[in-house]
Amino acid sequence: KLAEEYNFKLFEEGADTNKEFVEYLILYYKDPKRYALEMQFWLMSTRFRQHQEALNHIHKTGQTCIMDRSIYGDTVFAKRNFLDGNISKLGYDSYLKHRDVMLQFLMVPQLTLYLDATPETCLERINMRNRTSENGIPLEYLKGIDSLYNELLVELEDKGSHVKRIDWSQFRGVDHLKTVVDLSLI
């Protein structure tokens with residue numbers, strides 16, 4: 001809705017529409033040790049391609065782009081899988097080396113909007129949307145993700161992104177975002 005309101009080009013994650021993504025999620029949640037690294041590499045390459053498409057669009061048209069997920073946030077899930085023992089040290093190091101190479105070709109987002117909700121609230125929402133691929137996600141996993149997102153936000157700020165944490169304990173509309181986000185930053 002933010003993209004519509006300001007005529008930004010929207011790049012969506014595709015969790016509901018990308019068949020391959022859904023297949024990876026189903027496989028991952030059934031057997032994380034087998035599919036975590038493979039899925040993370042697939043997600044990273046998909047998000048890298050999407051980020052490049054956004055940069056090309058900006059270069060060609062000057063239109064601002066908004067992405068609901070980025071290659072930067074993927075690190076949160078890869079690190080969580082490493083810490084949980086689903087990805088080996090060797091595999092995680094390989095992931096990070098590939099990521100470092102990819103990030104050399106991308107710009108840091110000018111503005112990062114973080115819709116902040118507790119892991120408990122996120123679990124309630126996951127259960128409400130009832131996606132087959134997300135059944136059975138443990139609260140402890142979401143708590144770990146939350147902690148790693150906090151680290152990522154610091155990293156993005158250090159790289160020059162304007163990070164705006166927005167209380168999302170309850171869903172809010174575009175009008176609320178307009179009051180808390182300075183879109184002149186982009």
Side-chain angles (χ1 to χ4, degrees), residues 1-18 20-21 24-25 39-83 92 95-119 121-122 125-126 142 144-169 171-186:
K1 293 191 182 213
L2 192 62
E4 286 176 23
E5 178 81 18
Y6 289 99
N7 192 33
F8 295 161
K9 171 79 172 165
L10 176 62
F11 288 86
E12 293 182 276
E13 177 184 40
D16 291 324
T17 57
N18 185 318
E20 195 171 8
F21 186 23
Y24 266 118
L25 285 175
M39 182 179 74
Q40 288 304 146
F41 269 109
W42 181 83
L43 284 167
M44 182 171 56
S45 65
T46 300
R47 299 230 167 93
F48 176 75
R49 187 178 323 110
Q50 187 179 62
H51 204 115
Q52 284 186 313
E53 289 172 12
L55 291 174
N56 287 336
H57 182 81
I58 292 167
H59 178 72
K60 289 179 183 174
T61 68
Q63 183 183 26
T64 298
C65 294
I66 189 168
M67 302 168 75
D68 66 353
R69 293 276 183 190
S70 81
I71 192 171
Y72 291 93
D74 274 354
T75 306
V76 166
F77 297 93
K79 186 172 184 180
R80 183 76 259 151
N81 274 296
F82 167 66
L83 294 172
Y92 184 62
Y95 171 89
L96 291 176
K97 287 176 186 170
H98 281 80
R99 179 182 184 262
D100 288 346
V101 169
M102 289 178 177
L103 292 185
Q104 292 177 28
F105 296 95
L106 302 176
M107 64 183 258
V108 175
Q110 290 176 292
L111 177 63
T112 301
L113 303 179
Y114 183 72
L115 306 181
D116 199 2
T118 67
T121 299
C122 292
R125 291 175 182 166
I126 288 168
L142 295 176
I145 293 294
D146 183 59
S147 171
L148 293 172
Y149 261 117
N150 289 318
E151 290 178 17
L152 174 67
L153 296 177
V154 171
E155 177 189 338
L156 285 169
E157 283 180 323
D158 289 347
K159 291 179 183 273
S161 183
H162 298 280
V163 174
K164 181 67 179 174
R165 294 176 81 105
I166 301 165
D167 178 11
W168 214 252
S169 54
F171 287 110
R172 302 169 191 269
V174 173
D175 290 335
H176 176 72
L177 290 176
K178 289 173 14 183
T179 64
V180 297
V181 177
D182 181 5
L183 293 175
S184 69
L185 297 171
I186 52 175

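Any value given below was found using the heavy atoms of this structure, including those in side chains, with hydrogens, waters and symmetry copies removed.
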- [ ] Write down the atom of Leu2, the atom of Phe8, and the distance for their closest heavy-atom approach.
- [x] O-CD1, 4.3 Å

Task: Nearest atoms (heavy-atom pairs only) where Ser169 meets Thr121 - done: O-CG2, 4.0 Å

TODO: Please round to the nearest 0.5 Å and tell me the distance separating atom CE of Met39 and atom CG of Leu25.
DONE: 5.5 Å

TODO: Supply the atom-to-atom distance Met102 CE to Met44 CE, rounded to the nearest 0.5 angstrom.
DONE: 4.5 Å

Open item on the list: So Arg172 and Leu177, do their side chains get closer than 4.5 Å, heavy atoms only?
Closed with: no

Open item on the list: Can you confirm if the NZ or CZ of Arg165 lies within 45° of the ring axis of Tyr149 and under 6.0 Å from the centre of its six-membered ring?
Closed with: no

Task: Note, Leu43 side chain near Phe21 side chain (heavy atom, < 4.5 Å) - done: yes

Open item on the list: I'd like to check the ring-ring contact (aromatic ring centres under 6.0 Å, His included) partners of Tyr24; sequence neighbours left out, ordered by chain and number.
Closed with: Trp42

Open item on the list: Going by salt bridge (charged side-chain N to carboxylate O under 4.0 Å, His left out), name the pairs with one or both residues in residues 58-79, residues two or more places apart or in two chains.
Closed with: Glu13-Arg69, Arg47-Asp74, Lys79-Glu151

- [ ] Using the test salt bridge (Lys or Arg N to Asp or Glu O under 4.0 Å), find all partners of Asp158 that sit at least two apart in sequence or belong to another chain.
- [x] none

- [ ] List the atom of Leu148, the atom of Val76, and the distance in Å for their closest heavy-atom pair.
- [x] CD1-O, 3.4 Å

Task: Listed partners of Glu12 passing salt bridge (Lys or Arg N to Asp or Glu O under 4.0 Å), at least two apart - done: none

TODO: Kindly compute the distance separating CG (Leu55) from CD (Gln52), expressed to the nearest 0.5 Å.
DONE: 7.5 Å

Task: Minimum side-chain heavy-atom gap Asn150-Asp146 below 4.5 Å - done: yes

TODO: Decide yes or no for Arg125 and Phe171: does some side-chain heavy atom of the first lie under 4.5 Å from some side-chain heavy atom of the second?
DONE: yes

- [ ] Rounded to the nearest 0.5 Å, what's the gap from CG on Leu111 to NE2 on His162? Could you check?
- [x] 7.5 Å

Open item on the list: Test of understanding: with ring-ring contact (aromatic ring centres under 6.0 Å, His included), list the residues that count as partners of Phe82, not counting sequence neighbours.
Closed with: Tyr92

TODO: Look at Asp175 together with Lys178 and state whether they make a salt bridge at an N to O cut-off of under 4.0 Å.
DONE: yes

Task: Exercise: identify the closest heavy-atom pair between Val108 and Ser161 - done: CG1-CB, 3.7 Å

Task: Nearest heavy atoms of Tyr72 and Leu152, plus distance in Å - done: O-CD1, 3.5 Å

Task: Partner set under ring-ring contact (aromatic ring centres under 6.0 Å, His included) for His176, not counting sequence neighbours - done: none

Open item on the list: To the nearest 0.5 Å, what is the distance between CD1 on Ile71 and OG on Ser45?
Closed with: 8.5 Å

TODO: Check the surroundings of atom NE2 in His57: do more than 12 heavy atoms from other residues, nucleotides or ligands lie under 6.0 Å from it?
DONE: yes

